[in-house]
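First the structure, then my questions, so here it is.
What you see below is based on every heavy atom in this structure, not just the backbone, and it leaves out hydrogens, waters and symmetry mates. Note that the numbering runs from 1 along the sequence shown for the chain.
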Amino acid sequence: TSPYATPPRSGLHLQSGGSGARSAPTSPHRSPPGSPYSALLAALPPSLHLREVSLLKCAPPEHCIVQLVTALPNLESLDLWGCRVTDRVVEVLSVHCPKLRRLSLAENPMLTDRALALINPASFPDLAALVLRRCTELTSAAIASLAMTWQAVTDGTGDGDDDDYFKQELEADNGDGGWPVPPPAAANTATVARKRGIEELDLWGVNVYDHALVAIAAGCPHLTKLWLGETAVSDEGLHALAQSTHLPHLHNRTRTKTHN
């Protein structure tokens, strides 16, 4: 077959049953005997072509996540919403998952500004959608720095219409953390040089102030959707953002505002 042919789409989707309870690992290197995560990892073949992985609120031991993503160089979509990960996971992703286009790190309060410094075009050149919802330890300065790191790659090609990833509206209190199912990829996705930078950014509940909006407007000119509910941005900051970008969808507080 052609080396540019897209392999069959495949994905792994797990979700917590609601209790969120898990056994503590017996060592820092492996899950306890009988752990569902150990059984899952043992059952996976050594060579995987997974492109999508969702561990929504499953919270497996962090070393299990590290072990999994290290073996997935073709991973394009990863949902770690509520998985209690630390900067270590982002560090591993930056080395082993260069094809990521969609990354959810929502509700991981142990993430720090160091993790944001690792999310850059050199490590994730195709990243288009980033969810940092309720990562409460992140600072506004780090968000501004994140946005500016993408400024140099936003003059590339692509029409931006192939990945409207947030198909479902993220409501103000969205308790289930619903992460939309991505649309099928085009056959030549791997051969298209996007270089458009961040197009969808969820900062709901993050410590974001007006100065970060200035950086977002400058560093992410192709941004199409931005979530700013429960942040410290002012009406003046939102007005300045609307005047400086072509942002069609701004999600702020409990309302959805549309700017033309």
Mind listing the closest non-hydrogen atom pair of Cys97 and Leu75 along with its distance? SG-CD2, 4.3 Å
Side chain of Asp113, backbone of Thr139: donor and acceptor closer than 3.5 Å? yes
For Thr112, the side-chain hydrogen bond (donor to acceptor under 3.5 Å, both in side chains) test, sequence neighbours excluded, returns Asp87
How would you list, by chain and number, every residue that makes a salt bridge (charged side-chain N to carboxylate O under 4.0 Å, His left out) with Glu91, sequence neighbours excluded? Arg88, Arg114
Side chains of Leu50 and Asn74: does their closest heavy-atom pair fall under 4.5 Å? no
Test item: Asn108 side-chain N/O and Val85 main-chain N/O as donor-acceptor pair under 3.5 Å: yes
For Ser123, which residues count as a side-chain hydrogen bond (donor to acceptor under 3.5 Å, both in side chains) partner, sequence neighbours excluded? Asn120
Check side-chain hydrogen bond (donor to acceptor under 3.5 Å, both in side chains) between His96 and all other residues, then give those that pass, not counting sequence neighbours. none
CG of Leu228 to CG of Leu201: how many Å apart, nearest 0.5 Å? 8.0 Å
If you take all heavy atoms of Cys83 and Cys58, which pair is closest and at what distance? SG-N, 4.3 Å
Write down the atom of Trp150, the atom of Gly197, and the distance for their closest heavy-atom approach. CE3-CA, 3.9 Å
For Met148 against Ala218, the heavy-atom pair lying closest together: SD-CB, 4.1 Å
Measuring only between side-chain heavy atoms, which start at C-beta, is Asp79 closer than 4.5 Å to Val131? no
Are the side chain of Thr70 and the backbone of Val66 linked by a donor-acceptor contact shorter than 3.5 Å? yes
Contacts of Asn207 that satisfy side-chain hydrogen bond (donor to acceptor under 3.5 Å, both in side chains) - sequence neighbours left out: none
Rounded distance [0.5 Å steps], CG in Leu238 versus CG in Leu241: 7.0 Å
Do Leu118 and Leu127 sit in one hydrophobic cluster, given that two such residues count as connected whenever their side-chain heavy atoms are within less than 4.5 Å of each other, even indirectly? yes
Using a 4.5 Å cut-off on heavy atoms from C-beta on, say whether the side chain of Leu100 contacts that of Leu78. yes
Of all the heavy-atom pairs spanning Pro125 and Pro98, show the shortest one and how long it is. CD-O, 3.4 Å
Test your reading of the model: is there a side-chain donor-acceptor pair from Thr224 to the backbone of Glu199, 3.5 Å cut-off? yes
Any salt bridge linking Glu107 with Arg134? Criterion: basic side-chain nitrogen under 4.0 Å from a carboxylate oxygen. yes
Once you round to the nearest 0.5 Å, how far does CG of Leu138 lie from CG of Leu203? 9.0 Å
Find the distance between OG1 (Thr136) and CD (Glu230) and round it off to the nearest 0.5 Å. 11.5 Å
How long is the straight-line distance from CD of Glu76 back to CZ of Arg51, given to the nearest 0.5 Å? 4.5 Å
Note, Ile119 side chain near Leu105 side chain (heavy atom, < 4.5 Å): yes
Heavy atoms, side chains only, cut-off 4.5 Å: are Leu130 and Leu146 in contact? yes
Thr231 OG1 to Leu213 CG distance, which is reported to the nearest 0.5 Å: 7.5 Å
Any residue meeting side chain to side chain contact (heavy atoms under 4.5 Å, CB included) with Tyr209, in chain and number order, not counting sequence neighbours: Ser140, His211, Ala232
Please name the pair of heavy atoms, one in Ala115 and one in Leu111, separated by the smallest distance, quoted to 0.1 Å. CB-CD2, 4.1 Å
Using the rule that two of Ile, Leu, Val, Met, Phe, Trp, Tyr join whenever any of their side-chain heavy atoms come within less than 4.5 Å, decide whether Leu132 and Met110 are in one cluster. no
